[in-house]
Amino acid sequence: MEPSGNTASPLLTVGDFARRARQFIESEFNRVWIEGEISNFKQYSSGHCYFTLKDAEAQLRCVMWRNTARALYFTPQDGMHVKLFGKASFYEKRGDFQIVAQSLKHAGEGTLQQAFEALKNKLAAEGLFDESHKKPKPYIPTRIGIITSGSGAAIQDVLSILGRRFPLTEALVCPVQVQGAGSAKSICEALEAFNGIPADDPLRADLLIVGRGGGSLEDLWSFNEESVARAIYASEIPVISAVGHETDFTIADFVADFRAATPSMAAEIAVPNQQEIKAFIEGSLYRSAQRLLQHIEQHKLHIQHLTQRHAFNRPVDQLLQLKQRTQDMLLRLERSGVQYLKHKREQVHQAERQLSLLDPRLPLKKGYALVEQDATLVRSAKQLTPESVVTLRFHDGSKSAVIDD
C-alpha cells in the first residue's frame, strides 16, 4: 500500500540508501562510549578481535583492530563487563553495522582494584610474599639483568645511575613489552630466559631489575598479572621490582626479593657507590697503618725494657754460665753411657755361659753317645729288640750298629 498525501518520498536505490545510512551513522556516532557485556569473543591469528557487546535489551557487533588489541592491559573474555570507546561503522556492500573499538576498559568503579586485592590475598595465602623466601642481594653484583621497555626513559635512568655508582658492574638489557596484551607473557619469558642461562656462562646475571616508569593503574597492570608474580617467585636470581612512581604498588613488588619505588631507585639499591667504597678502603688502610705503628711502638718499648735488665748488662757472664752447665751435662751423659755399656756387656757374657751349659754336644765330648732308631732318640732298652738297627751318634760323627741278644 503506497503512502497517501501530496508529499511523495524520493525513490532511492539500495546503494543510495546504504551510502546515506553510512554517512549518517558514521558522522552521528563518531565518538561514543558504550557499556555492556562481552560475548563470542575471538582473536584471529592476524591479531584482530571480533566480539559482541550486549545487555538485556540489545546487542552490537564489534571489531577491534590488532594495534588497539596490543595496547590492552588485559585479555578480554566472554562475560566480562566493559566500557568501550569507539565509533560506528556501516559496510555498504553487506549492509553490516558494527562498532570499531578504539579503547576497552573494565566497567564499574574499583573493578581493577578489586581484582588487585583478590590476587594479592590469594598469593599471600600461598606464601609468595613471605620473608623466608626472599633471596639476599649480592653486595657487588658482577652482572645485572634489566627487564623493561627498550625505548622508555626508565632504561636510560637505570643505565646512567649504574655507570655512575659502580661502572665495573655489567648491565644486560632485555627489552620487553611492558603494557598491553601480551606484555605479561613478554616479561615472564625474559625472567625465564635469564634464569635459563647456566651458572658458568659469562652472560649469567646475579641480580635482576624488573620494572617500568609510572602510569595509570591500567598502564601498570602487566605487573599485577598472576603469571608475572609466579615467574618472579620462581626466579633463582634475586629480583628487584621497580614499577611506576613511589606511591605505586603492584603485585610484583610484594613477590620480589626487593622493592624499589622507581627504576632509578632500583639502580641505587642494586650497586654500591664507588666513592663510598673508595672512602671505606682508604679509611681501613689508614686504621691498619695506625694499628701497625702502635704495635711497632709497643715492641720497641718492650725491647728497651729487656735491654735494661741485668742479663743484658753482663752477657759474657751469662754465656760462661751456660757453657759450664753444658759441659757438666755432657760429662754426666758420657759417664752414664759408659756404665750402661759395661752393664750390658756383663749381661751378654753371662747369657753366653748359660747357653754353653745347655749345649747338647757337651756330654758327647765326655765319651757319651746317643742311640737313635729311625732318626728317633732311644730313651730305654725296652724300645730295642734283637736285630734292631740303630745309629750311635758321637760328638765327631755317627756309626750304625745291630743289637745282639
Side-chain angles (χ1 to χ4, degrees), residues 72-75 105-106 108-139 141 144-149 152 154-155 157-158 161 174 176-196 205-271:
L72 290 179
Y73 63 90
F74 66 98
T75 301
K105 295 185 177 182
H106 284 284
E109 201 63 36
T111 302
L112 283 183
Q113 188 63 34
Q114 292 174 8
F116 174 87
E117 294 296 335
L119 180 59
K120 179 182 173 184
N121 293 335
K122 174 186 175 181
L123 298 182
E126 293 183 25
L128 268 68
F129 304 160
D130 293 352
E131 288 296 324
S132 59
H133 295 297
K134 307 293 185 185
K135 294 174 285 295
K137 179 183 72 67
Y139 178 63
I144 297 178
I146 305 172
I147 301 173
T148 188
S149 171
I155 184 61
D157 293 341
V158 170
I161 293 172
C174 181
V176 296
Q177 183 183 343
V178 295
Q179 183 176 337
S183 56
K185 180 181 179 183
S186 178
I187 295 168
C188 292
E189 289 175 348
L191 283 163
E192 293 169 1
F194 271 116
N195 279 274
D206 43 14
L207 183 64
L208 298 178
I209 295 176
V210 181
R212 55 156 290 163
S216 65
L217 181 58
E218 291 88 351
D219 295 336
L220 306 181
W221 193 253
S222 301
F223 298 90
N224 290 322
E225 293 282 358
E226 183 174 353
S227 58
V228 173
R230 295 194 182 278
I232 292 175
Y233 180 78
S235 174
E236 296 178 358
I237 305 171
V239 176
I240 299 177
S241 174
V243 183
H245 300 303
E246 191 167 353
T247 56
D248 296 323
F249 275 89
T250 63
I251 298 296
D253 293 329
F254 296 108
V255 182
D257 301 293
F258 302 90
R259 186 250 174 184
T262 64
S264 297
M265 189 172 292
E268 299 275 351
I269 294 174
V271 293

Problem - Residues in side-chain hydrogen bond (donor to acceptor under 3.5 Å, both in side chains) contact with Asn195, at least two apart in sequence or another chain - result: Ser235
Handout entry: Carboxylate-amine/guanidinium contact Lys134 Asp257, below 4.0 Å
Key = no
Exercise for the section: Evaluate whether atom NZ of Lys137 has more than 12 neighbouring non-hydrogen atoms of other residues, nucleotides or ligands under 6.0 angstrom away. Expected result: yes
Handout entry: His133: ring pair (Phe, Tyr, Trp, His ring centres under 6.0 Å) partners, not counting sequence neighbours
Key = Tyr233
Practice task
Answer yes or no: is there a side-chain heavy-atom contact under 4.5 Å between Phe254 and Leu123?
Solution key: no
Exercise for the section: Apply salt bridge (charged side-chain N to carboxylate O under 4.0 Å, His left out) to Glu236 and list each qualifying residue two or more places apart in sequence or on a separate chain. Expected result: Arg204
Completion exercise
Note: Gly215 and Asp248 closest approach over all heavy atoms is O-OD2, 4.4 Å
Sequence neighbours excluded and cut-off under 3.5 Å, please list the side-chain donor-acceptor pairs for residues 182-193, or say none.
from, atom 1, to, atom 2, distance (Å)
Ser183, OG, Gly180, O, 2.6
Ser183, OG, Ser222, OG, 2.3
Ser186, OG, Gln177, N, 3.2

Exercise for the section: Report yes if some heavy atom in the side chain of Ile251 is under 4.5 Å from a heavy atom in the side chain of Phe223; otherwise report no. Expected result: no
Practice task
State whether the side chain of Asp157 and the backbone N or O of Ala154 hold a donor-acceptor pair below 3.5 Å, judged by distance alone.
Solution key: no
Handout entry: Side-chain donor/acceptor of Thr148 to backbone N/O of Gly211, under 3.5 Å
Key = yes
Completion exercise
Here the pair of heavy atoms bringing Pro141 nearest to Asp206 is CB-OD1, 3.4 Å
Fill in the blank from the handout: Asp253 meets the side-chain hydrogen bond (donor to acceptor under 3.5 Å, both in side chains) criterion, sequence neighbours left out, with Ser241, Thr250
Completion exercise
The side-chain contact (heavy atoms from CB on, under 4.5 Å) partners of Ala270 (sequence neighbours excluded) come to Ile144, Leu162, Leu207, Ile209, Ile240
Fill in the blank from the handout: In short, Cys174 meets Phe194 closest at the heavy-atom pair CB-CE1, 3.6 Å
Problem - Gap between atom CZ of Arg230 and atom CG of Leu128 - 0.5 Å precision - result: 5.5 Å
Fill in the blank from the handout: Residues passing the side-chain contact (heavy atoms from CB on, under 4.5 Å) test with Asp219, sequence neighbours excluded, are Gln179, Arg212, Ser216
Completion exercise
Here the pair of heavy atoms bringing Leu119 nearest to Glu225 is CD2-C, 4.1 Å
Handout entry: Set of residues satisfying salt bridge (charged side-chain N to carboxylate O under 4.0 Å, His left out) with respect to Lys122, sequence neighbours excluded
Key = Glu226
Exercise for the section: Could you pull out the closest heavy-atom pair between Val178 and Ser149, with the gap in Å? Expected result: CG1-N, 3.6 Å
Problem - Approximate separation, where rounding is to 0.5 Å, of Arg259 CZ and Phe249 CZ - result: 3.5 Å
Practice task
Would you mind telling me which of Ile232, Val228, Val239 makes a side-chain contact (heavy atoms from CB on, under 4.5 Å) with Val255?
Solution key: Ile232
